[in-house]
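Notes for the one structure printed next.
Being a predicted model, the structure only gives us computed values, none of them experimental.
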Amino acid sequence: MKVMATIRSTMIFCVISPLFFSQTTGNRSVAVTLPVVTLMDIEPAGTISMNFTAPTEAGLPLTAPAANTTKWINYSSAIAPAGLTRRITASVNQTIPGVNILLQAAAASGAGGGTLGTPTAQVTLSTTAVNIITGIGGAFTGNGNTNGHRLTISLAISNYANLSTITNTPVIITYTITE
């Protein structure tokens, strides 16, 4: 008996042909405009009311109202190349004899970015504008409550001899952003 074995072999031929790639480059002009931006507002809108409390016992002083911390300064700023940084000032339309109106801006917080401004120390407001935030560069604070610089507005008696009775006297605080 003969045993025959069949061996099959498969040959695979691979043909690799060289592929040639070429690369070209080009350029296109893109016009870009970045405007100078100077925007600022106070959030939330609306007025605040601050009232001194009369003493209940003879010989005691008036009690100043609690400080108000409900207002925030929001801003957007894009400065010109090599431009000056911006600042925010505050002033009042009138003073109240014997009373100081005090203002303090806190450090920026919230959703902003860029070169946010630096608050100054607490200031006493008058009819002459005074810096409250300086060094604002290209920046944005985020919009609305809890974004930007929280403001603390307070009242203090500066001179009892100058006090006189007033009722619902509107004092307007003007905030200005400038270079």
Rounded at 0.5 Å granularity, tell me how far [atom1] in [X] sits from [atom2] in [Y].
| X | Y | atom1 | atom2 | answer |
| --- | --- | --- | --- | --- |
| Asn143 | Asn74 | CG | CG | 5.0 Å |
| Leu102 | Leu125 | CG | CG | 7.5 Å |
| Asn168 | Ser49 | CG | OG | 6.5 Å |
| Met40 | Ser77 | CE | OG | 12.0 Å |
| Thr70 | Ile48 | OG1 | CD1 | 6.0 Å |
| Ile157 | Leu62 | CD1 | CG | 4.5 Å |

Any non-hydrogen side-chain atom of [X] less than 4.5 Å from a side-chain atom of [Y]?
| X | Y | answer |
| --- | --- | --- |
| Lys71 | Pro44 | yes |
| Tyr175 | Ile132 | yes |
| Tyr75 | Leu116 | yes |
| Phe52 | Pro65 | yes |
| Ile73 | Leu151 | yes |
| Thr115 | Thr85 | no |

Decide whether [X] and [Y] are clustered together by the hydrophobic rule: side chain heavy atoms of Ile, Leu, Val, Met, Phe, Trp, Tyr closer than 4.5 Å, transitively.
| X | Y | result |
| --- | --- | --- |
| Ile42 | Ile173 | yes |
| Tyr160 | Ile101 | yes |
| Val130 | Ile153 | yes |

What's the shortest heavy-atom distance between [X] and [Y], and which atoms?
| X | Y | answer |
| --- | --- | --- |
| Gly144 | Trp72 | O-CB, 4.4 Å |
| Gly117 | Ile136 | CA-CG1, 3.6 Å |
| Asn68 | Met50 | N-CE, 4.1 Å |
| Pro97 | Thr95 | CD-O, 3.8 Å |
| Gln122 | Ser154 | NE2-OG, 3.9 Å |
| His149 | Pro119 | ND1-CG, 4.3 Å |

field: With sequence neighbours excluded, residues passing side chain to side chain donor-acceptor pair (under 3.5 Å) with Asn147
entry: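 Testing Asn147 for side chain to side chain donor-acceptor pair (under 3.5 Å), a comparison that skips the adjacent residues, returns none.
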Short side-chain to backbone donor-acceptor contact, [X] and [Y], under 3.5 Å:
| X | Y | result |
| --- | --- | --- |
| Glu43 | Thr146 | no |
| Asn100 | Ala156 | no |
| Thr89 | Ala129 | no |

Review point. After noting the C-alpha distance and the side-chain angles of Ile133 and Thr120, does the key distance pass the side chain to side chain contact (heavy atoms under 4.5 Å, CB included) rule?
Key: CA-CA 6 Å; Ile133 301 170; Thr120 62; over 6 Å; no
Test side-chain contact (heavy atoms from CB on, under 4.5 Å) applied to Ile96 - qualifying residues, sequence neighbours left out: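 side-chain contact (heavy atoms from CB on, under 4.5 Å) check on Ile96 returns Val99, Ile166, Val171.
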